[in-house]
Amino acid sequence: MSEVVKKFLYLNRKAPYGTIYAWESLEVVLIGAAFDQEVRLMFIDDGVYQLVKGQDTSEIGMKNFSPTYRTLGDYEVKRIYVDKDSLAVRGLTKEDLVEIPWEDWETEEEIENIVEVVDAARIAELMDESDVIFSF
Amino acid sequence: MSILHTVNKSPFERNSLESCLKFASQGAAVLMIEDGVYAAMTGTGVESQVKAALGRLSIYVLGPDLKARGISEDRLIEGIQVVDYAGFVDLAAQNDKVQAWL
C-alpha cells in the first residue's frame with residue numbers, strides 16, 4: 001500500500017435510474033474505499049437527484065441503491081458536497097436529501113451528517129485541490 | 001391525427017421537453033416518464049414553461065417513475081395528471097401515434 005495519501009474526488013452529474021452512471025459511481029466509490037485515500041464525493045447538476053430521500057423503485061423493476069448512500073461514512077468517505085445552485089433550480093433544499101453519518105471507529109469522533117451544501121466558488125476550489133477526479 | 005408525446009430525459013440535461021412543448025400541437029397529450037418526470041415538480045427552473053403548456057396540452061406523468069425518484073405527488077405542478085402503467089397503455093391506445101422525445 002502506498003504511503004502517499006491522495007485526494008480523490010468523485011464528481012457526480014447524472015440522475016439515478018435513467019442511466020447507469022450513478023450506480024457505477026457508487027460501485028467505484030465502494031471499491032475505492034479499500035485504497036485508504038482521502039475520498040470526497042461531489043454532486044452537481046442532475047447528480048443532486050441521487051441523494052433525494054424516499055426513493056422507492058419497487059414499481060420500476062430496478063434495484064433501489066439509494067440506501068447505500070447512507071452507508072458511505074463506513075467506506076472512508078468523510079466529505080460529501082452538494083452544489084447549492086443545482087438544488088435551487090430543481091426546486092430542492094437540503095431537507096430533501098438523505099443524511100449521511102460518519103464515525104471514526106478508533107477515536108469515536110462522530111459527525112451526524114457529512115452532506116454539505118456549497119457554492120460554485122467552493123466547488124471550483126475543491127476541484128483544484130484534488131489530486132484525482134473521477135467523473136460520472 | 002392525435003399524438004401522444006413521451007419525454008424521458010431530464011429537462012436540465014437535454015432539450016427534449018423544450019422541443020416537445022414547442023412542437024406539440026394544441027390538445028396533444030404529453031407523458032413524462034423516466035428522468036422526464038423531474039419536470040413535473042413545482043419550484044423548478046422549468047415550472048413556468050410547463051405551466052404555460054398546460055393551457056393547450058394535456059400533461060401526464062408516470063407514477064412509478066416519480067416514486068422511484070422520491071418525488072411525492074403533492075409536489076407536482078397543479079393540472080398534471082398521474083398515470084400508472086395501465087394509464088400509459090390507455091394513452092397510447094387513445095392516440096393515433098406516439099412520438100418519443102429521446
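Each chain gets a letter, A, B and so on, in the order its sequence line appears, and its residues count up from 1.
- Residue A:L41 is grouped with residue A:I20 when hydrophobic side chains (ILVMFWY) are merged at heavy-atom distances under 4.5 angstrom, including chains of intermediate members.
- Aromatic ring pairs are classed by plane angle as parallel below 30°, tilted from 30° to 60° and perpendicular above 60°; the pair B:Y38 and A:Y49 is parallel.
- Between B:M41 atom CE and A:L92 atom CG the span is 4.5 Å, to the nearest 0.5 Å.
- Between A:D96 and B:R75 there is a salt bridge, since at least one side-chain N of the basic residue sits less than 4.0 Å from a carboxylate O of the acidic one.
- Taking every heavy atom of both residues into account, A:A15 and B:D35 meet most closely at CB-OD2, 3.8 Å.
- The OH atom of A:Y17 lies 11.0 Å from the CG atom of B:D65; values are rounded to the nearest 0.5 Å.
- Note: the hydrophobic cluster containing A:Y69 does not contain A:I44 (ILVMFWY, side chain heavy atoms under 4.5 Å, direct or indirect links).
- A:V39 and A:F35 are assigned to two separate hydrophobic clusters, defined by single-linkage of ILVMFWY side chains at heavy-atom distances under 4.5 Å.
- Residue-environment remark: CZ (A:F65) exceeds the threshold of 12 foreign heavy atoms within 6.0 Å.
- The greatest number of non-hydrogen atom pairs below 4.5 Å with chain B, out of A:N64, A:D56, A:T57, A:V52, is found for A:D56.
- In A:K94, the NZ atom is crowded: over 12 heavy atoms of neighbouring residues, nucleotides or ligands sit closer than 6.0 Å.
- Salt bridge annotation for A:R13-B:E13: absent, with no cationic side-chain nitrogen under 4.0 angstrom from a carboxylate oxygen.
- Heavy-atom proximity under 4.5 angstrom to chain B picks out nothing from residues 98-135 of chain A.
- No other option in A:D45, A:T19, A:D46 has as many heavy-atom pairs under 4.5 Å with chain B as A:D46.
- B:W101 and B:L4 fall within a single hydrophobic cluster, where Ile, Leu, Val, Met, Phe, Trp and Tyr are joined by side-chain heavy atoms under 4.5 Å apart, directly or via other members.
- A donor-acceptor contact shorter than 3.5 Å links the side chain of B:Y85 to the backbone of A:E59.
- Between B:I71 atom CD1 and A:Q55 atom CD the span is 9.5 Å, to the nearest 0.5 Å.
- Linking ILVMFWY side-chain heavy atoms closer than 4.5 Å, directly or via other members, places B:M32 and A:M62 in a single hydrophobic cluster.
- Taking 4.5 Å as the limit, some side-chain heavy atom of B:K67 sits within range of a side-chain heavy atom of A:S58.
- Residue B:L66 holds its CG atom at 11.0 Å from CD1 of A:I60, rounded to the nearest 0.5 Å.
- Within residues 71-90 of chain A, the residues that have a heavy atom under 4.5 Å from a heavy atom of chain B are A:A88, A:V89, A:R90, listed by number.
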